[in-house]
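For reference, the structure discussed in these notes is given below.
Along the sequence shown, residues carry numbers from 1. Keep in mind that what you see is a predicted model, and the values were worked out from it rather than measured.
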Amino acid sequence: MTLGAIVASLTAFPAHAQLEVDINGGIAQPMPIAIPSMPTPSTVSTPAGDTAALGQRVSDVITNDLKNSGLFNPLPKSALANVPFSQANAPDFIFWGQSGAQALVQGFVQAAADGKITVGCYLYDVLGKVELTRQGFEVVPAQWRRAAHKCADTVYSRLTGEGPYFDSKVVYVSETGPKQNRIKRLAIMDQDGANHRFLTNGQSIVLTPRFAPNQQTITYMSYAGDRPRIYVYNVGTGQQRLVVDQPNMTFAPRFSPDGKYVVFSMSVGGNTDIYRVSASGGTPQRLTTSPGIDTAASYSPDGSKIVFESDRSGGQQLYVMNADGSNQNRISYGGGRYATPVWSPRGDMIAFTKLGGGFAVGVMGTDGSGEKILTNGWQDEGPSWSPNGRVIMFFRTGQGSGKADLWSVDLTGVNERPVPTPLDGSDPAWGPLLP
């Protein structure tokens with residue numbers, strides 16, 4: 001489903017002030033922001049609850065999104081006013097100016113005769129007493145959370161200058177059971193942990209799920225039939241199919257940015273190289289030929305290059321090559337080893353796992369410059385980028401426990417927080433913005 005702007009009165013327009021949040025400060029200077037419950041002109045029952053209750057729930061989702069970014073400090077509910085519908089687009093600037101908030105998010109939830117609801121979203125500069133932007137979304141009641149995420153994205157983008165990322169999904173490996181006999185299932189959820197559901201039943205171990213650009217399919221490795229091979233899963237139908245029907249072990253798959261290819265690793269005769277194959281199947285094309293293990297390939301956003309890890313130099317290091325396998329060059333030269341590289345959707349960085357005295361998640365430039373370690377857990381690995389390239393999700397395994405959990409950290413390395421999942425979790429893959 002597509003959420004689009006609605007009615008002329010809710011179209012966005014240029015801002016008249018320069019209220020901004022420091023995206024480099026992490027949680028050091030979060031902006032105070034007020035997000036009161038969204039009123040309704042009349043309380044109408046919907047399959048998702050009445051419009052008055054939805055107004056509070058929409059506000060709660062926006063609050064959590066902005067707070068979790070580490071860049072905003074939402075006022076507590078006790079400091080918020082009960083906004084009447086008449087003030088939805090006409091704030092009481094005197095009251096909000098005394099509240100300590102610098103920014104204000106107001107709006108409304110209104111039922112339509114066709115059964116849909118409209119969520120209006122307005123952002124104000126409290127001290128400047130001006131409206132910064134507005135947006136509205138018409139959705140079926142079951143999609144109210146998406147409208148809330150879209151509103152949060154509107155606020156986030158206007159105040160930071162960064163792209164949105166809240167209206168997105170994550171696929172990951174849900175884990176349960178003892179350390180020596182873990183049950184691993186594919187699971188999918190919203191980026192904040194809501195709308196969680198399992199995709200596989202756990203009869204076969206699954207690893208490294210990755211979204212296709214259209215988000216309708218997921219590629220992953222499965223041990224079905226005790227044969228580690230790559231599959232594609234259709235999220236809508238629940239059907240899965242084998243990508244490469246080879247007698248050899250195939251693993252570490254990832255789609256190309258245009259969705260036409262799957263790049264992966266295959267072990268043949270004791271040597272592991274990177275291959276690519278049409279997403280619809282066919283004969284794989286070999287991209288690397290060096291002795292050793294070449295794996296964990298990830299495309300640049302424009303599809304022209306691939307970063308991967310290889311032990312051809314004697315230890316795991318990162319290399320970049322053209323998409324056809326030509327011009328292979330090592331880019332990592334810091335101490336320790338490097339694994340699981342993934343190209344930022346902005347194209348300017350590569351995230352990786354750093355091995356040496358533990359596992360940590362870091363970033364570097366696409367030429368290997370500017371290396372920065374972001375985390376300091378016992379075993380942090382498997383980074384995946386948010387759609388806007390500002391936040392990284394990864395998984396952390398506790399020392400001696402074998403239990404993993406999902407975490408996220410922003411590029412400052414300051415705002416590190418756990419991501420809620422019903423069970424243990426590993427191998428997260430953050431999908432692009434929903435259409």
Quick test of your reading of the model: are D405 and R396 salt-bridged, counting only N-O distances below 4.0 Å? no
Apply the test salt bridge (charged side-chain N to carboxylate O under 4.0 Å, His left out) to residues D60 and K77: give CA-CA distance (whole Å), side-chain angles for both, the deciding distance (0.1 Å), then the verdict.
CA-CA 10 Å; D60 289 343; K77 288 185 178 181; 3.4 Å; yes
Q.
Under the criterion side-chain contact (heavy atoms from CB on, under 4.5 Å), I'd like the reasoning laid out for M221 against F264: C-alpha separation, chi angles, the key distance, then a yes or no.
A. CA-CA 10 Å; M221 189 190 80; F264 65 98; over 6 Å; no
### Task
For Q191 and D65, run side-chain hydrogen bond (donor to acceptor under 3.5 Å, both in side chains): C-alpha distance rounded to whole Å, both residues' side-chain angles, the deciding distance at 0.1 Å, then the answer.
CA-CA 9 Å; Q191 57 80 25; D65 279 347; 3.2 Å; yes
Query raised in the report: Looking just at side-chain N and O atoms, do S222 and S204 make a donor-acceptor pair shorter than 3.5 Å?
Result: no
Margin query: Please tell me whether S332 and Q317 have a donor and an acceptor in their side chains that are separated by less than 3.5 angstrom.
Written below: yes
- Salt bridge between K184 and D427, side-chain N to carboxylate O under 4.0 Å? no
Output yes when D424 and K403 qualify as a salt bridge under the 4.0 Å nitrogen-oxygen rule, no when they do not. no
According to the interplanar angle, ranging from 0 to 90°, do the rings of Y124 and Y122 count as parallel (below 30°), tilted (30 to 60°) or perpendicular (above 60°)?
parallel
- prompt: Parallel, tilted or perpendicular: which fits the ring planes of Y319 and F308, with parallel below 30° and perpendicular above 60°?
  reply: parallel
**Asked** Is the distance between the ring centroids of H149 and F137 less than 6.0 Å?
**Response** no
Any donor-acceptor N or O pair under 3.5 Å, side chains N415, D410 | no
Please walk me through it: do V363 and W385 pass side-chain contact (heavy atoms from CB on, under 4.5 Å)? CA-CA 11 Å; V363 294; W385 291 94; 3.8 Å; yes
